[in-house]
Amino acid sequence: MSAVTTHHDDHAHDDTHAHELPYGQQLRANRLGLWLFLFSEVFLFVGLFAARFYLWRDASGVVRPELDQVAGLIATSVLLISSYFMVRAEVAVQHGEQKKMHNSLIMTFVMGSLFLLSVIFIEWGVLDLILDNMFGVTLFAHEAIKPGDGAFGAVFYGMTGMHALHVISGLVLILIILANGHKGAFTEERHWGVEACAVYWHYVDVVWIFFYPALYLIGTAVTYHT
Amino acid sequence: MQDNKRAAYALIRNVFLVLFVVSLAELAVAIYLESTVLLLLLASAKAVLVVYYFMHIYRLWRQEAH
Amino acid sequence: MKAILTFTRSRFARALVAGALGLIVAAILVAILNSAHTTWVTPGLEALGVQLPGQLLDLAFWAVAILILLAIVVTAFLSGFGMFHSRRMGRFWYYAAGTALVWGVLGQALTVAIVLFISYLTMGSDFRLTDGNVALAAIFSVIGFLLFSGVLTDWIQWIFGHKTELHHGAPEGEPEWMRYFSVDVNHKVIGIQYAVTSVLVLLVGGTLAIVFRLELSAPGMQLITENTYNTFFSAHGIIMIASILLGVGAMVNYLVPVMIGASDMAFPRLNAFSFWVSIPAALLIVSAMFVDTGFDTGWVGYPPLSTVGSLGIILFLLGFYFNGFASIASAINVLVTVGVMRAKGMALFRMPIFVWTAISASIIQFTATQTVGVALTMVVAQRALGLGFFDPTPVAAGVPVGQPLLYQQLFWFYSHPVVYVFVLPGLGVISELLPVFSRKPLFGYKWVALSSLGIALVGFLVWAHHMFVSGMDDSLRIPFMISTMFVGIPTGVKFFSWLGTLWGGKIIYPTPMLFVLGAISVFLIGGLTGPILATVPTDMHLHDSYWVVGHFHATMFGGFIFPFFAALYYWFPKITGRMYNERLGKLHFWLMVPGFWVMSLGQMRIGLMGMRRRIANYDPALGVEGTQILITIAALVIAWSVLIMLYNLVSSARSAELAPENPWESRSPEWVAPTPLPEFNFDRPIEVVGDPYDYGLADSKYIQTIPAAGD
Amino acid sequence: MNNKKHLLIVALLIIVVMPITYVILTAVYQLPIAASTQADSIDNMFTGHFILISGLFALVMVFMLYSLFVFRRRPDEEGDGLYIHGNTALEIFWTAAPLVLVVGFAIWGSVMLVDITEAKADEMAIDVTARQWSWSFAYPEQGGYSSIELVLPVNRPIVLQMRSEDVLHDFWVPEFRVKQDLVPGSIEVLRITPNVEGEYKVRCAEICGLNHSGMLADVRVVSQAEFDAWVLEKQSGPDPLSMTPEERGILWFQQFGCGGCHSVDGSDLVGPTWLGLYEREELLEDGTTVIADDDYIRNSILNPASQIVAGYANVMLQTYGEQFAVEEAKYNGQIDIIEDIIAYIKTLEE
């Protein structure tokens, strides 16, 4: 039988030789872990995406509700710009430009927040509701979908809501990175925090890249009033 | 080093511009062609660009010598 | 933040928690006393002709009750300060108050109270439990548990920019065994936590089964009401699934790192999170039985039934959902660990075969779990937010309506593959143990390894066979019938390879080997009764009948329960350093195997005869009564045999003779390493120099220690 | 003994054990009588599967038990077993052989599925409605009247068009072998050609809440002549408009499946019994009491959740108002179903 030279008396818990993995190995583990997590989340979003195609159809084929195209385009652009600033922050930290990273992260945060606001106020019609109630003004061409509007409402709020939850968690991550970056936690060589946050943020953007056509562009538009 | 840096910034800016143009193209496709397949293809193209140039997926199979 | 953390470690906080714990215990005690008082004492006295003024008796009762309550609470509170630390009762309160479990449960209860109180503030006198506030309370209660149990502490520290060291060993100033009640990052401690929790949860689920098996031993309702029956079988399903997931977690956590020669998992903190998040999830599932009218949807929770029924269903759905967190996190952890932490020379095809099954199971877990998450979220969203995913009621012209079948598609995309998560590690244990006890190499290692991956991948393409009679599109039935039949091929490879391993061996039969063989025979029944369900015409008769119950239990017992028990016996000497009692082990086996055969074949028999599944009461005209009684007796025998195992393991762990270092003469790294395993598994890094199962090849070695640079 | 001899013995044993296994298996696994043409073909397939099961079971178990006995370690033996790593040809064989088997069964299953589900030329349509926890059947080709028992003419292809009012249900008559879920919001179709006269039961096979186990309905397969007589009797029955309210109450009681939850003989089901209900004092869940008068009964049907009698669960369907409106429209509003039901309840005195 093969044998390992062992020290039977020496199992005390205070020996520390294997405590932390070497940085390079830990980084590989972190990257693999993050990507596996994102791949796992793919199934969440594909589930919603599939539900959209499963439910949004009638006898003639795939349909979609008539939505305000300007609002959709604005939201999409704002998120894309935020992604640009995020990758800019990452390039900056790689080249040791702390100030630039900081500013870019702030821009990302602002753009991300704008996206969130546009979802809540424009897509979900909260702004319409406020304007209508307070001033009797209607700003958008199409009435926003309400949650109770059959499969339209369910899928629309399900998809945008689940995506918005991820945007919110991304924003929280950016705040954490900003605060820790301010304390000088990230260097040219070691900035896993920034990388993770950036990858996550872009991922949220990729999700929207698919959700945008699914919600706004694909299928025959159906005008309806409940 | 300096050139390297400038190239990096230029690259992401260009990718961003391409993404922006494709997004506009999507809207045009939706209005004039109404092709589901083409829209999904365009979305996939955008996703590939983001995953490669913004998320740097290639780092997964690269050994970092930090 | 720091201040809060310091506070939670103070003696005062401990005293508060002990006091609260005492209050809970005292309240339960008083409730029991009260029911005794009203059901036995008063009627008993009356029967004896003693006529006490009712008020006087009540007064006396409550005086005593309050005294007991106060005494317990005060003792517990003072024990928290360490005042009665030397007394047995005092030690109990003192240590209990320091455990993550008690902190977590209190945090969970507190969060529920806060959410309901806020809801009370907004609803005023109209306050009642609604879909919305129950869902919110459930969601936040899990966060409350995690915060209070301390599993998030390190991560919260990171957010505020502090670095934290991985703490090893018991919490400061506590005895060694307190590790097992605390948030610990060592994979072996977590593995044992998983195993113990799994067995405890198994007992809960098993007890429910015994109750409704007794109910079914005769037509009509005798023991329990229909609603209780429905709640019990639903809870049995999901509780057993939780237990099996915990059991899989136990085996994977304890074994994978040491088998690949790693010091721990890649993400030890995430590992602890995976375990601890499944505790509040399990508590939600158990509490679902008691809220409103429990939950009567079965573990599948199909809408529309689940969208209109009792509030308990929400707790079940969310408990299920949070169990998914544990699954996903731990699966990613396993994959990364195997990906980056293998010892030198540990090529993929040189890993112990169990690791292959762990990877295959993890691949399913970290992907498919998300889709059931979507399905469960949709039901909760429909109930709490009014999103009509599954509501077929028309709303307006041109607007498509919800579709109940959508749930089934998403649900089974997870819930079919997940049965392979249950059985693959079990089959891994079979393949792992057979060579050791046959003293022969595993027959066709690569084929066995790849067949695990094959089962996992084919498993993704077969989900709709659960929907053959659901009303889904007819054109889907034939492709799914064909893909389902393909599952038989990699499964067949496993069976034949096991036979090949036995052939020509020098086989010995200690208890773990018996359970492995029992597993093969039982899994064979489960496997062979599958194709008949996969072909649509026969399935049209068998679907939702007891045949399915029999088939499913055979695959679960053969694929998980038997191998899990084999694993418990096999690695028991490794974990405890002591040997279990061989005679009791064999008694367990010889009770359980015939018991299971009778139960399983009996279930299939009555299914063919027309017995539907999930019914509280059955038609005597079916002619299944005799078989039902047999099944109930068999179930009792199984339950009894499991209790024998528990007695065996617990008593042997306390006082049995010390086991040899490598009682099975295994070549696997965990047996070659010292017992008990060192904190980081190997005192020195190891490298792989041979194949894992070269039994019978003279002078071969699987692993050896890499000499230190200075040697 | 060498390997060849071992294998020969095993092969012989398997050949002996296979038929024995089959005999035992078919003794344990018994199907109810087959009462439809679909059942006849499906039973052929059952036989095929049972042969497959006993064959493979015998194969694996004989191999295993033989090895366990012959290759056990004797007390005087030392050392390890034979050093065999595997055999690629063998692996390929036992991957390919099952492949042929399963593909064969899949093809057989597909052909049979098409056969048993395909539309027949002269099939008779019956509408099936399921709700928690009762069934009703309507005969559109015979004038559309409805019945709480399913009466079928023998040897006539039937197409069941089934819908559910509330949650999922499943239509299963074990003697017909086939089953089909009923999904709210769509019409599900099931084809049956009953070919043996007799009395059977529809059993709901999909968990549908509290009284799932009691959701049964009678099925009678009768000769064409008997069926015609039954139809005639139903058809010549009085028009609801010419019936008394009490008689109509009985009709609605059956048609809308009230008996799924409420007894008329005083026994306790999911809901309170109707026997002696009228003007009875009922204790409600919130502690108040109410007299079961017309208003109370009407409200309990239209808003069942508002006044729950203590001791009963809040499980009644909320849609009876809509269902009644559809039925009442057939009679141009000359009928008030709830009034008829109240009239019927009044007759149920203890």
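Below, chain A is the first sequence line, B the second, and so on; all start at residue 1.
Contacts of C:Gln365 with chain A are absent, with no heavy-atom separation under 4.5 Å from either backbone or side chain. Contact of C:Phe413 with chain A is made through the side chain alone, with heavy-atom distances under 4.5 Å. In this structure, the portions of C:Leu405 lying under 4.5 Å from any heavy atom of chain A include both its backbone and its side chain. The parts of C:Leu406 that come within reach of chain A are both its backbone and its side chain, each placing non-hydrogen atoms under 4.5 angstrom from that chain. Using a 4.5 Å cut-off between heavy atoms, A:Val172 does not touch chain C at all. Of the two parts of C:Ala266, the backbone and the side chain both hold a non-hydrogen atom closer than 4.5 Å to a non-hydrogen atom of chain A. Contacts between A:Asn180 and chain C at a heavy-atom distance below 4.5 Å involve the side chain alone, from C-beta outward. Only the side chain of A:Val222 comes within contact range of chain C, with at least one heavy atom under 4.5 Å from a heavy atom of that chain. When heavy atoms are compared at a cutoff of 4.5 Å, C:Leu385 approaches chain A solely by way of its backbone atoms N, CA, C and O. Looking at A:Ala179, neither its backbone nor its side chain comes within 4.5 Å of chain C, counting heavy atoms on both sides. Looking at C:Thr369, there are no atoms closer than 4.5 Å to chain A (heavy atoms on both sides), in backbone or side chain. Residue contact with chain C, scored on non-hydrogen atoms closer than 4.5 Å, involves the backbone and the side chain of A:Phe152 alike. Using a 4.5 Å cut-off between heavy atoms, C:Tyr414 does not touch chain A at all.
The shortest heavy-atom contact between C:Phe160 and A:Lys183 is O-NZ, 2.9 Å. Residues C:Val340 and A:Gln25 come closest through the heavy atom pair O-NE2, 2.9 Å. A:Leu55 approaches C:Pro400 most closely through the heavy-atom pair O-CB, 3.3 Å. Residues A:Asp149 and C:Val399 share a closest heavy-atom pair of O-CG1, 3.6 Å.
Among the candidates A:Gly33, A:Gly158, A:Ala185, the residue making the largest number of heavy-atom pairs closer than 4.5 Å to chain C is A:Gly33. Taking A:Gly193, A:Gly161, A:Gly150 one by one and counting their heavy-atom pairs under 4.5 Å with chain C, the maximum is reached by A:Gly150.
The closest side-chain heavy-atom distance from A:Leu21 to C:Met341 is below 4.5 Å. Here the side chains of C:Phe267 and A:Asn30 are in contact, with some heavy-atom distance below 4.5 Å. In this structure, C:Phe366 and A:Glu41 have side chains that are not in contact, with every pair of non-hydrogen atoms separated by 4.5 Å or more.
Applying the ring pair (Phe, Tyr, Trp, His ring centres under 6.0 Å) criterion to C:Phe411, with sequence neighbours excluded, gives C:Trp299, C:Tyr407.
Separation of atoms CD1 (C:Ile332) and CZ (A:Phe37) is listed at 6.5 Å; rounding is to 0.5 Å. Distance check, rounded to the nearest 0.5 Å: OG1 of C:Thr371 to CZ of A:Phe45 gives 14.0 Å.
The stretch residues 373-394 of chain C participates, sequence neighbours left out, in these salt bridge (charged side-chain N to carboxylate O under 4.0 Å, His left out) pairs: C:Asp131-C:Arg383.
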